[in-house]
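As a basis for the values below, the full set of heavy atoms in this structure was taken, side chains included, without hydrogen atoms, waters or symmetry mates. Computed from a prediction, not measured in an experiment: that's the story for all the values here. Letters A, B, ... mirror the listed sequences (proteins, then strands); counts begin at 1.
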There are 2 protein chains.
Amino acid sequence: MNKLSSSKPTTINDVARAAGVSRQTVTRALNNMPDVSAVTRERVIAAASALNYRPNRAAQGLVRGSKPTIGLVVSDLRNPYYPELASELTRKAGLRGWSVVLCDLGDDPDDAHRRLETVAQRVDAMVGHVAAGEWKGALANTPTVVLDGPSDSAKHAVIAIDYEPGIRAAIDHLKSAGCSRIAMVDAGRAPSIRRQIYRRLLNEYGLQWSPDSELVAPDTHDGGVRAAARLCKQNPQTDAVLAFNDVMAVGMLKGFARADVNVPSDIAVVGIDGLDIGTLVTPELTSIAIDKAKLADIAIELVDALLDGVTPPDERLHRTATHTLAVRESA
Amino acid sequence: MNKLSSSKPTTINDVARAAGVSRQTVTRALNNMPDVSAVTRERVIAAASALNYRPNRAAQGLVRGSKPTIGLVVSDLRNPYYPELASELTRKAGLRGWSVVLCDLGDDPDDAHRRLETVAQRVDAMVGHVAAGEWKGALANTPTVVLDGPSDSAKHAVIAIDYEPGIRAAIDHLKSAGCSRIAMVDAGRAPSIRRQIYRRLLNEYGLQWSPDSELVAPDTHDGGVRAAARLCKQNPQTDAVLAFNDVMAVGMLKGFARADVNVPSDIAVVGIDGLDIGTLVTPELTSIAIDKAKLADIAIELVDALLDGVTPPDERLHRTATHTLAVRESA
DNA sequence: CTGAAAGCGCTTACAG
DNA sequence: CTGAAAGCGCTTACAG
């Protein structure tokens, strides 16, 4: 017969009783500590396994002290940006013996808030891209590193992202490839920072711009597919386009393929993020890439500082990252 | 001045002392419990925030009891299969208030073992694809759900995957599309289960087969690119190919594009897994898809059973999942 | 080699 | 409304 769910879990005392020893002897036997006779050790191990004993982690953690656990907040793990970041972060965290628990927000805002709260209570610190509102409630009392977010650095650590150098490199590259009519597809009606920089640089470089140079679409693959189609109609003389991110850019590649528009000879395409998926497609995507390994490093450092008692606002909790242009085939 | 890292973290007693109350009053004030006067509550909150107090989670967990944490083991989070699974698993786990910690094994086997051990000690159960050897040491005492692994169901719960129905559906589809020379690219020298089924079905259907019908390549995107090139030389009359998985299949799509071989008119391509990336590429990938949401559901159920005290071997801990053919553009 | 004592930091009854 | 007591399940000294 199996133990039923109603029964309390077995504790070290149960094992001690079953093996006929004290509970500190059980501790020694089960944790491979010295000072237990071989026979006693065996007897204890047998009893533990017979009772299906598993030490209570909370109790162990309380007395042994435990390494930090950090919560990684992502808006949607299916957006390939996040796995890359998560991979780096768990790797770097693992080097210090830290754990990472995942908090995938999903689409439903209420749900997202609930998840955020649940995770926030179980970790020592949070890291991630999060909407401004969320920081108020759920994360008010949790040390937090905001990635590229609304930088209320009075309340939490911030890794700001400076898009200027990356976008400048991309436009330099496009110019020297002979492009002169560069469009941009943004992800929202209100001009993003990325779009503002795009405008500023086009102006600085004396490149042609008109309201028609800008499109808006959802920042999804499908949004990109449709934006490409729209761009072909609306502004056929465009010879290059900067997408809000790589996911959209890859969608545009597909959109152009469907419209029989050749990339890069008819139109050059540049994404932002530098994701691995950019190398999966044909042609491979040129992208304004960010170094996720470095981002992860900085995030860990900031968590470390936060856990050490450095409290915002503090200039040590404010860092900035920039991009690098990864030239591949699409531009 | 900030607190230095050498100082012990503040406890509830420190807050109590600072606020001039007992520690149970601190508990009540900080946890929004009734029976505290407004002024006391304010005073406590102020003291806590001044001292940068964060409750010790282990202590809280010990006394309150905590929801399970499950460790998700993946060989490489950058393989897009895993984010999809992880996304579903965290979603389903979140519904029960459970947390998921990530264990990304990486390339170095020693390192992988270390990570596995670290995570195993911090969670209540593990879920994932793991090599046979790992179960011996690191996970010997951790309740575990093995996904599509070496099914030593004497020691842990298992979700077996039966590839037969999916591969059969794919071959049916290819046959009815007029394909008759179906190749397969496997991921290792020794024939995988997938390849064995492929052989058996080709034989059952009276379809042409020769040793040349089979290629072997690393199960990576690049492996797929090269396998496509090789297939073009080695076996140009092939009219369809089954790839070991979607990552390879997407690589083959790129390889064929480079060789100016048209998919699907020159050759049909079918992958296995049903990943989202299959819809990003052009043409979109037809794939033998598995329902990750369902996989996640089953995994959670099995963890639940394990935590309830159901001990392997037990037929309730052994489940099987199958695929479904997702017909898109490549076949 | 083994056990009795003390304590980790919190919360949950139980008195006042 | 507030505090003294007891206890969650473990481990870490300290005696024997």
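B:Val21 places a side-chain heavy atom less than 4.5 Å from the side chain of B:Arg43. Between B:Leu317 and B:Leu302 the shortest side-chain heavy-atom distance falls below 4.5 Å.
Looking only at atom types and distance, the side chain of A:Ser87 has a donor-acceptor partner in the side chain of B:Asp104 under 3.5 Å away.
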* What's the verdict on salt bridge (Lys or Arg N to Asp or Glu O under 4.0 Å) for A:Lys294 and A:Asp297, showing C-alpha distance, side-chain angles and the deciding distance? -> CA-CA 5 Å; A:Lys294 195 164 178 187; A:Asp297 272 333; over 6 Å; no

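Using a 4.0 Å cut-off on heavy atoms, the residues of residues 25-38 of chain B that approach DNA chain D are B:Thr25, B:Arg28, B:Asp35, B:Val36, B:Ser37, listed by number. If you check residues 53-70 of chain B against DNA chain D, the residues with a heavy atom closer than 4.0 Å are B:Leu62, B:Val63, listed by number. If you check residues 12-23 of chain B against DNA chain C, the residues with a heavy atom closer than 4.0 Å are B:Ile12, B:Arg23, listed by number.
The backbone N or O of A:Asn13 lies less than 3.5 Å from a partner atom in the side chain of A:Thr11, making a donor-acceptor pair. Checking side-chain atoms of B:Asp76 against main-chain N and O of B:Arg78 turns up a donor-acceptor pair under 3.5 Å. Formation of a donor-acceptor pair under 3.5 Å by the B:Ser49 side chain with backbone atoms of B:Ala47 is not found in this model. Distance alone, capped at 3.5 Å, is enough to place a donor-acceptor pair between the B:Lys292 side chain and the B:Asp273 backbone. Checked by atom type and distance alone, the side chain of A:Asn31 never pairs as donor or acceptor with a backbone atom of A:Met33 at under 3.5 Å. Side chain of B:Lys92 to backbone of B:Ala293: a donor-acceptor contact under 3.5 angstrom is found. Using modelled atom types, one side-chain atom of B:Arg54 and one backbone atom of A:Asn141 make a donor-acceptor pair closer than 3.5 Å.
If you walk DNA chain C from 5' to 3' and mark each nucleotide with an atom closer than 4.0 Å to a heavy atom of chain A, the marks span C:dC1 to C:dG9.
The 12-atom threshold is exceeded at CG of A:Asp108, counting heavy atoms of other residues, nucleotides or ligands nearer than 6.0 Å.
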* Structure fact -> For DNA chain D, the dot-bracket notation using Watson-Crick and G-U wobble pairs below 3.5 Å, [ ] for pseudoknot-type crossings and | for other-strand pairs, is |||.||||||||.|||

For residues 57-66 of chain A, run the donor-acceptor check on the side chains, cut-off 3.5 Å, and write out each pair with its distance to 0.1 Å, sequence neighbours left out.
unit_1, atom_1, unit_2, atom_2, d
A:Arg57, NE, B:Asp124, OD1, 3.3
A:Arg57, NH1, B:Arg122, O, 2.7
A:Arg57, NH2, B:Asp124, OD1, 3.2
A:Arg57, NH2, B:Asp124, OD2, 2.7
A:Gln60, OE1, A:Arg64, NH2, 3.2

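Taking CZ of A:Arg91 as the start and CG of B:Leu105 as the end, the distance is 10.0 Å to the nearest 0.5 Å.
Pairing each heavy atom of B:Ile159 with each of B:Ala321, the nearest pair is CG2-CB, 4.5 Å.
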